[in-house]
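One structure is given here, and the rest of the page talks about it.
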Amino acid sequence: MSVLLILVPLAAVLIMNLPLHKLMRKLAFWVGLVLCMLQAVLIIRMPIGFWNTQPDLLYRLLLFRPFTDNLAFVMFLSIAIVGFVSLLVARYAIENDGSKLFNFTNLLLLAMAGMNGLVVSRDLFSLYVFLEVSAVASFILIAFNNGKDALEGTFKYLVLSAVATAMILSAIGLLMTVTGSVSFKTLSSVMGPNSGNPVVLLAVALLLGGLFIKSGLVPFHGWVPDAYSSAPSATSILLAGIVTKTTGVYALIRVVTKMNLLTHQVQVLVMAVAAVSIVVGALAALGQSDFKRMLAYSSISQVGYIILGLGIGSNLALAGAVFHLFNHAIFKSLLFVNAAAVEKQTGTRNMDILGGISDKMPVTGFTSVIAFLSTAGIPPLSGFWSKLIIIIAAWKAGFHVYALIAILASLLTLAYFLSMQRRVFFGKLASGFEDLKEANLWILVPACLLAAITIGLGLCIPWLLNSFLLPIRSIL
Amino acid sequence: MDNELIVFLLVCIPLAGSFLLPLVRLISEETRNLTALLLVLASLVASLFMMPVVLTGETVTVQLAGVNLFYADKLAVFMAFVSSLVGSIIVLYSFGYISHYEHRDEYYFMVVLFLGAMMGLIFSRNLLALYLFWEITAIACWRLIGFFRDRNYVVKADKAFLVTVFGALMMLLGFIMIGTQTGSFDIGIIKKVLAGKHLPNIAVMLILLGILSKSATVPLHTWLPDAGVAPSPVTALLHAAVLVKIGVYVYARLFVASFDIDEIWHTIVPIIAGVSALVSAGAALVETDLKRIIAYSTISQLGFIFLGLAIGNNIGIVGGLLYILMHSIAKGGLFLCAGIVEQNAKTKDITRLGGLISVMPITAISFILCAFSVMGIPPFGGFFGKYMVIAGALSGDKMFIAMLFLVGAFMTIIYLFRVFVMIFLGESKLSLQNIREGSNVMVFSVALLAMLSVASGIFIKFPFDFVQSAVRQMTGGLL
Amino acid sequence: MTFDFNMMNIFLLALFLAAGVWTVLTSRLLISAIGLAVTSIMLTILLFLMKAPLAGVFELSVCAGLITVVFISTISLTKPVEKSEVLQLKMKRLKRFVFLPLLLFLAAWVLFAKPLHLTNPAQVPVEQTTLQHVLWFARRFDLIGQILIILTGVFGVIVLFKTKTGQAEKQDNER
Amino acid sequence: MSGDMSTFFSISVIFAVLMVFTALYCILTSRNLIRILIGLELMTKAVTLLLAVGGYVSGRMALAQSFIITLIVIEVVIIAVAAGIVIGTYRHTNDLDARKLNSLKG
């Protein structure tokens, strides 16, 4: 049934654009919200068997049997949650001009359909196709307001993304030469005997390189801060929370685990890139004065943790990586929601001007504390557990230096977030903000929702770990 | 009620209740204050309930989701009693002190959360749970130091947070080492797996880094004097009298009661403690800021506690534990007196104060009583603690270290007398007209602590017996 | 026969590359766009030779046709470069030619450092299906993706080409 | 599959790689945004060639053709969106110089 997650948004977009009635355009926002909620609720409520069965009619129509495992569940759920939040923030931040909100909703649904498709794809080429769908949708969403900075950020993203996809496609071409197929199944069985083949090596290098660019890891991270910070608030949430994670990180996890790519050299490469990302992202974040830019660098650093978990490759590490992926979607979205509220209410993102606004915006201030503590890995919030799992896994697998780096980088994370708190929320109220008001419900509801998820997950971890997270690898 | 439930509630009532406080505020200010006090008192009462239970030698383990989460023995109950006692008095005192400032909701929220986390930490049987509560105390501490929102204070709060988190992360790494080596984070299981072997030295070192940073021992002590000058003496008290005991307690729990460590640590830790005691006593001698002096004095006295616990024989451990109790009460009294002085005289520079005994006699007398206890003058409570510690060092044939601490004790006497003389006796440079005694609640709490200091010395038998049986249980290896 | 095929191919590949290099080196944008079209045509012929006629037709009509149109209209919508500027650009570009041989050398080195030939090429059985079958039955999932991306493209054009110059200028003035 | 196929493959890959480097050169040194897009197009051409060769050598031409067709569709959409972005930038700055696109830094 998981193919419905692609078809329903597609159908919704098509129906909404039929020239039926003016009302359709007004309803679009609510349709989008309901679809996001439906996805989240169904994913939580329905068992895995439900998603893997497919009515005969649907199969005859599609000739495609998507597969769904725990990892895909995590992704569907984060896509739904982040999409939901992003829509609410769009309602808040985009001026209430009917056609703009309508376009935003449509593009968001298309991006969601693209990401859902990416999650269920069974072969490398479908992966590429849906990767492009979500990427193109996100280009347009970044450039949504046609602002100068946004266009510039989009262009950089577009160029680097095009280079990345070119690399992925070349890898597909080369792998096809060797194996004649692009499905993960064939590729996984062929990788072993051919691992010394220079063509295969080149293909693997290109594939990893392309996905590194897409994930925004450090040597290839140039586009991340520009795109994140220049995008409209609602898009930043979508982009940082889920688009980069799906198109880059999820694809990387899927490709590496499905194709059994994790040879010793690949492992060394992946872990080195991850460690560098963790440290460089955190250090760069320390020096920022733009709120969103700092969050973008923080994102790079956190993606490093996920990739580190992937690189270690043990069951525990993968569980940690996937959990961190989900957590990151939650707390980074929450931080961007807060950034959106601050930007809209105060009119600036410059942290040097702001100060002490948590007195005037208590909910935003409180939720941002929750989010940053979770990011920095302070218990009992959910971010702590995922980092802990990754670090324990690193230590168990004998990567003591990496474990040390990961732990000490938490301190750096804490340092830049403390500086952010000091400059924006904590401290004395800066002059000029005496009449500041708390943002309205459109933004407080998602903020509280995300904060509740972060706290709740952190408290429920003993139950979650054995029943859900650890089986991830067994299905992969 | 069964004992598991009592222990569980002991931790969870303040921990969960703290989140309700901002909501209770909607009813009225007084309701919130009383609720906060009740939440902390609940812990105190529960730990009193537990006392007869553990005195019979029974231990209680609480399971949650298949994990041994909490564990209560004599040591834990003793610690819980001390912290919740001091904590209750702090909350009572806050009614008077904090009522003129903003962010009162956050204040009560954080104080109760802190005490709840402290209880959780004391009863943790799982290393990860221990780390979890450890960090919650750090969060609460961070918000409390930055309570006044001045840029300076917030920077100091950030500094304290970073230093303690650095230590905690190192400690976590040590826990992970132990956890991966033995396959569990449960203290009991680890102990079984280790079966009398030493912990790896690197793990001990990493955990010690955490403990030293939390207990503000040289060289990781710098955050404590800064936190001490930060706004409210109440928060400062919280840090000096309760927070720093966390490190000491974890040392006792892990390295005395549960695991064996290499013999060499029984020399290294006392030396660190001795250096810490002397250096900070020297700093206390030259400082002129009232609260900084008391903060440095805290660092110095913590050295005594560490010495007692680390010296490696029962006499020392009994002394260390006794001194935890005595120091909490007496140092609490000193800080609260400092708070009264600061709030009414509007300065904490001791060179500008003087002659206050004529306007605030009760505070002055309470101050000197508590100071006697810290100095270790018989028959005050502190004397027995210090005496046992040094006796422990002597019986362990550590003559040199014992001498070091005797010097430290002597310096304590000097700087505390200096403070007393400069504040309460002599001529004032301020006009004494406008300075009055603190509010009734505040003076009452101070007097209560002073009385407790005296009483704990006179009725030394009760805490002594309890501590002695606790030590027998710890070293007997019950867990 | 095979010899001829290979020679033909190599010749065409060389032309393909030459067209690409010309596209990059020419200083006028319009010619550059036409160069791109020529490159596309070369690729089309290559595709025909490799027995991929449908793909070739697509390449010819869409890439050589449609995309060139898009480029040319974009170029004409934006400012034409003036003569003097062209000259200046040419001089600057000449300086940067230093890198090109270096890059080419690097590329050649990468390629010949480890000869890229297939070690065990007889592994895969040749498939016997037609394009229609593959496109419509095996890859229907990709078709959904195509529908999605075309829809996205439509919205992109709606959003990006909306001529709200007034609004855009207003935003600029605010900066 | 014969040895000829193998040579053909090697030669094609060499040309494709050379093409990619040409395109990269174009992207790296160009100051004009449109020229950067042309560079991207050239890169896509090289990739198309690789896909075709992959299908040809492995005897899966039908599969490769369907890939190429999908690729071309995606390519057009991306170029259209990119053109929109370029024109939008031009509306703001009256210029297409990539070096002037530096308001985002840090």
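Hydrogens, waters and symmetry mates are skipped; everything else that's a heavy atom, side chains included, is used. Just so it is clear: chains get the letters A, B, ... in the order the sequence lines come, proteins before strands, and each one is counted from 1.
- The two residues D:Ile72 and C:Ala55 have their closest heavy-atom pair at CD1-O, 4.2 Å.
- Heavy-atom distances place the side chain of D:Ile68, and not its backbone, under 4.5 Å from chain C.
- With a 4.5 angstrom heavy-atom cutoff, C:Leu17 touches chain D via backbone and side-chain atoms both.
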Donor-acceptor contacts, no H, no angles, side chain residues 33-44 of chain C, under 3.5 Å, sequence neighbours left out:
residue: C:Thr39; atom: OG1; partner: C:Gly35; partner atom: O; Å: 2.7
residue: C:Ser40; atom: OG; partner: C:Glu59; partner atom: OE2; Å: 3.2
residue: C:Thr44; atom: OG1; partner: C:Ser40; partner atom: O; Å: 2.7

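- The two residues D:Met61 and C:Ala52 come nearest to each other via the heavy atoms CE-CB, 3.5 Å.
- Closest of all the heavy-atom pairs between D:Val73 and C:Gln146 is CG2-OE1, 3.7 Å.
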Side chain to side chain contact (heavy atoms under 4.5 Å, CB included) between C:Asn9 and D:Ile11: does it pass, once the steps are laid out?
-> CA-CA 9 Å; C:Asn9 262 300; D:Ile11 292 169; over 6 Å; no
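- Interface residue C:Ala14: backbone and side-chain heavy atoms are both found under 4.5 Å from chain D.
- Residues C:Leu13 and D:Ser12 form a side-chain contact, since some pair of their non-hydrogen atoms from C-beta on lies under 4.5 Å apart.
- Within the 4.5 angstrom heavy-atom criterion, no atom of D:Leu71 approaches chain C.
- At a 4.5 Å heavy-atom cutoff, the contact between C:Leu66 and chain D is made by side-chain atoms alone.
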List, one per line, each side-chain donor-acceptor pair under 3.5 Å for residues 75-86 of chain D, sequence neighbours excluded.
residue: D:Glu75; atom: OE2; partner: D:Lys45; partner atom: NZ; Å: 3.2

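- Taking both residues in full, the closest heavy atoms of D:Ala52 and C:Leu47 are given as CB-CD2, 3.4 Å, listed atom of the first, atom of the second, then distance.
- Residues D:Arg35 and C:Ser32 come closest through the heavy atom pair NH1-OG, 3.5 Å.
- Considering every non-hydrogen atom in both D:Leu49 and C:Phe16, the closest pair reads CD2-CE2, 3.9 Å.
- Neither the backbone nor the side chain of D:Val20 comes within contact range of chain C; no heavy atom of the residue lies under 4.5 Å from a heavy atom of that chain.
- Contact annotation for C:Phe71: only side-chain heavy atoms (C-beta onward) come within less than 4.5 Å of a heavy atom of chain D.
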